[in-house]
Amino acid sequence: QVQLVESGGGSVEAGRSLTLSCAASGDPDEFLYMGWFRQATGKEREVVAAIDTKGGTRHYAESVKGRFTISRETVKNTMSLQLNNLKPEDTAMYYCAGVGRSGGWFGWKDDRSYGYWGQGTQVTVSS
């Protein structure tokens, strides 16, 4: 059974950095894509970054390009998100997600593509 568990969230001042980690259980080859989403209070969930686990292509939301870096270690079955130069508008619950082999594909930005979800880790950035 696949489970995703995030860690690494916290409260930081603007300009600081955090590293989020996602530990996955189950078969590493189950994931075709993995991604990070976030949801701020009162707002819809949005994609932050995603990675093609086979080809290695990385995608980023415009709002985080140049500041966040997504990476994947297949052997360890983990994924991480390096968050640099954090801004107050980055404050949100961050979720790890995975696209399974048997699910539908709606593109890397669409959360309907992701059949596996973690419980989330909170990131709070103060000005």
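Computed from a predicted structure; not experimentally measured.
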Legend entry - Same apolar cluster (I L V M F W Y, side chains within < 4.5 Å links), Leu86/Trp36: yes

Legend entry - Candidate pair Thr78 and Arg72, rule side-chain contact (heavy atoms from CB on, under 4.5 Å), full reasoning: CA-CA 6 Å; Thr78 60; Arg72 158 81 169 159; 5.7 Å; no

Legend entry - Student check: side-chain heavy atoms of Tyr114 and Trp108 closer than 4.5 Å: yes

Legend entry - Listed partners of Lys65 passing side chain to side chain contact (heavy atoms under 4.5 Å, CB included), at least two apart: Tyr60, Glu62

Legend entry - Residues which pass ring pair (Phe, Tyr, Trp, His ring centres under 6.0 Å) with Tyr94, listed by chain and number, not counting sequence neighbours: none

Legend entry - Nearest non-hydrogen partners of Leu4 and Met34, listed with the distance: CD2-CE, 4.1 Å

Inset, instruction - Could you tell me whether the side chains of Gln82 and Thr19 share a donor-acceptor contact shorter than 3.5 Å? - result: yes

Inset, instruction - Indicate yes or no: at least one non-hydrogen side-chain atom of Gln122 is less than 4.5 angstrom from one of Thr91. - result: yes

Inset, instruction - Determine whether Tyr95 and Thr121 make a side-chain contact, defined as any pair of heavy atoms from C-beta on separated by less than 4.5 Å. - result: no

Legend entry - Nearest-0.5 Å distance that lies between atom CD in Glu6 and atom CG in Leu81: 11.0 Å

Legend entry - Qualifying residue, where the test is side chain to side chain contact (heavy atoms under 4.5 Å, CB included) with Asn77 and the options are Cys22, Pro28, Ser25: Pro28

Legend entry - Minimum side-chain heavy-atom gap Arg45-Asp111 below 4.5 Å: yes

Legend entry - Set of salt bridge (charged side-chain N to carboxylate O under 4.0 Å, His left out) partners for Arg101, sequence neighbours left out: Asp27, Glu30

Inset, instruction - Would you name the heavy atoms of Ser113 and Gly107 that are closest together and state the gap between them? - result: OG-O, 2.9 Å

Inset, instruction - Evaluate the side-chain proximity of Val123 to Leu20: yes if any heavy-atom separation is below 4.5 Å, no if none is. - result: yes

Legend entry - Value rounded to 0.5 Å, distance of CG in Leu32 from CD1 in Ile51: 13.0 Å

Legend entry - Side-chain heavy atoms of Val99 within contact of Trp105, under 4.5 Å: yes

Legend entry - Sub-4.5 Å side-chain heavy-atom contact between Ile70 and Met79: yes

Inset, instruction - Verify the cluster assignment for Trp117 and Met93: are they in a single hydrophobic cluster under the rule of side-chain heavy atoms below 4.5 Å apart? - result: yes

Inset, instruction - Sequence neighbours left out, what passes ring pair (Phe, Tyr, Trp, His ring centres under 6.0 Å) with Phe68? Give chain and number order. - result: none

Inset, instruction - Tell me, with the steps shown, if Arg67 and Lys87 meet side-chain contact (heavy atoms from CB on, under 4.5 Å). - result: CA-CA 10 Å; Arg67 300 190 298 122; Lys87 303 176 180 180; 3.8 Å; yes

Legend entry - Pairwise side-chain hydrogen bond (donor to acceptor under 3.5 Å, both in side chains) hits with a residue in residues 46-58, at least two apart: Arg38-Glu46

Side-chain donor/acceptor pairs under 3.5 Å, residues 11-18, sequence neighbours excluded:
| residue | atom | partner | partner atom | Å |
| --- | --- | --- | --- | --- |
| Ser17 | OG | Asn84 | OD1 | 2.9 |

Inset, instruction - Please examine the side chains of Cys96 and Tyr116, heavy atoms only from C-beta on, and report whether any two atoms are closer than 4.5 Å. - result: no

